[in-house]
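Structure first, then comments.
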Amino acid sequence: MPRYDFRCRSCGATFELSRPMARANDPAVCPEGHPDTVKLLSTVAVTGASGAAAPAPSGGGGGCCGGGCCG
Ligand SMILES: [Zn+2]
């Protein structure tokens, strides 16, 4: 079940609720009892590539002992 972050506009508290996606837009009540809350952007539905680049070998040359430079 996805979790949603909310922030209370009355006291500024942030809190997290687990609820079905069908009820994602239901109003949430602050743990302090304030009904004036806003839903924050969730990190559940992250789209886009993160660009996990592997360290690719770069540069020319085959090393010292490959080309007969050291012996
Ligand atoms: Zn509150």
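In each ligand, atom 1 is the first atom listed, and ligand 1 is the first ligand listed. Start at 1 with the first residue, then count along the sequence.
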- prompt: How many angstroms lie between CG in L40 and CZ in R7, if you round to the nearest 0.5 Å?
  reply: 6.5 Å

field: CD on E16 to CZ on F6, rounded to 0.5 Å
entry: 10.0 Å

field: Closer than 2.8 Å to the Zn ion (ligand 1) - protein N, O or S atoms, ordered by chain and residue number
entry: C8 SG, C11 SG, C30 SG, H34 ND1

task: Please answer whether the main-chain N or O of A28 pairs with a side-chain N or O of T37 as donor and acceptor at a distance below 3.5 Å.
output: yes

message: Has R19 got a side-chain atom pairing as donor or acceptor with D26's backbone, closer than 3.5 angstrom?
response: yes

message: Surrounding CZ of R23 (heavy atoms of other residues, nucleotides or ligands, distance under 6.0 Å), is the total greater than 12?
response: no

task: Please tell me if the side chains of C11 and C30 come closer than 4.5 Å, counting only heavy atoms from C-beta onward.
output: yes

